[in-house]
Amino acid sequence: MTAAFPASVDPDPYADRRLHPRVTVALPAFLVIGGRRYPVQIVDLSAGGAKIDCGTALVVAGAAVTLNWGGASGQATVRWRDGRQAGLAFAAELDGRDVADLARRSEALSARMRG
């Protein structure tokens with residue numbers, strides 16, 4: 001005799017399941033794909049990944065890329081692409097202090113550009 005278990009039903013299949021909190025930023029960066037650099041802007045960031053605004057059609061889900069920002073970089077995999085935006089998952093998590101530093105850098109850059 002086999003026991004019948006009810007199917008697990010996800011109450012919200014679109015719920016945010018991120019492991020790390022996101023920080024909204026506006027940071028210039030470069031995305032390296034196949035040895036070529038493309039300018040992008042990081043629009044949000046966490047220890048586990050980033051959302052970027054990119055114009056290049058070369059960014060496809062599953063691609064291995066490198067994101068370079070302000071003298072640092074991280075290996076990542078493109079998880080999704082929607083229009084000009086793409087989501088990246090870092091191969092190694094960023095330290096929380098580095099995320100906070102990048103958020104401060106974004107705020108300072110924004111303040112400087114406002115005048």
Side-chain angles (χ1 to χ4, degrees):
M1 182 168 146
T2 60
F5 294 100
S8 174
V9 177
D10 188 354
D12 184 358
Y14 300 105
D16 187 349
R17 293 181 180 85
R18 293 180 184 129
L19 298 176
H20 307 284
R22 295 258 167 189
V23 177
T24 300
V25 296
L27 292 169
F30 288 98
L31 194 65
V32 180
I33 307 169
R36 295 197 56 192
R37 289 172 33 133
Y38 300 91
V40 299
Q41 182 163 344
I42 303 172
V43 295
D44 81 21
L45 181 69
S46 76
K51 179 167 52 172
I52 60 171
D53 184 351
C54 59
T56 178
L58 297 176
V59 178
V60 295
V65 299
T66 302
L67 184 63
N68 291 328
W69 64 89
S73 67
Q75 301 295 317
T77 301
V78 178
R79 291 293 180 212
W80 58 267
R81 166 101 193 238
D82 185 15
R84 292 185 54 92
Q85 296 190 331
L88 307 179
F90 294 132
E93 289 183 8
L94 298 180
D95 184 277
R97 293 172 293 200
D98 293 333
V99 174
D101 181 54
L102 288 168
R104 283 190 297 276
R105 188 180 305 172
S106 175
E107 290 171 11
L109 181 60
S110 177
R112 191 169 85 198
M113 292 184 77
R114 283 192 303 263

Novice: Give me the atom names and distance for the closest heavy-atom approach of Thr66 to Ser73.
Specialist: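 Closest approach of Thr66 to Ser73, heavy atoms only: CG2-CB, 4.0 Å.
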
Novice: Taking all atoms of both residues into account, what is the closest heavy-atom pair of Arg79 and Ala89, and its distance?
Specialist: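 The pair with the smallest heavy-atom distance is NE-CB, 3.5 Å.
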
Novice: Counting only heavy atoms not in Asp95, do more than 12 fall under 6.0 Å of its CG?
Specialist: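 Counting other residues, nucleotides and ligands, CG of Asp95 exceeds 12 neighbours.
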
Novice: Would you say that Leu102 contacts Ile42 through its side chain, given a criterion of any heavy-atom pair below 4.5 Å between the two side chains?
Specialist: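 A side-chain contact is absent here, since even the closest heavy-atom pair is not under 4.5 Å.
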
Novice: Could you tell me the separation between the CG atom of Asp53 and the CD atom of Gln85, rounded to the nearest 0.5 Å?
Specialist: 5.5 Å

Novice: I need the minimum non-hydrogen distance between Leu45 and Ala50, along with the two atoms involved.
Specialist: CD1-CB, 4.0 Å

Novice: Shared ILVMFWY cluster between Leu88 and Val23, side chains joined below 4.5 angstrom?
Specialist: yes

Novice: Check whether any side-chain heavy atom of Leu67 lies under 4.5 Å from a side-chain heavy atom of Val40, and answer yes or no.
Specialist: yes

Novice: Measure across Cys54 and Ala86 and return the closest heavy-atom pair with its distance rounded to 0.1 Å.
Specialist: SG-CB, 4.3 Å

Novice: Is a salt bridge present between Arg105 and Asp101, judged by a nitrogen-to-oxygen distance below 4.0 Å?
Specialist: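 Yes.
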
Novice: With hydrophobic residues grouped by side-chain heavy-atom distances under 4.5 Å, do Val32 and Leu27 end up in a single group?
Specialist: no

Novice: Starting from Val99, can I reach Phe90 by hopping between I/L/V/M/F/W/Y residues whose side chains sit under 4.5 Å apart?
Specialist: yes

Novice: In the single-linkage hydrophobic clustering (I, L, V, M, F, W, Y; side-chain heavy atoms under 4.5 Å), do Val43 and Leu109 co-cluster?
Specialist: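 No, it is not one cluster - the side chains of Val43 and Leu109 are not joined through contacts under 4.5 Å.
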
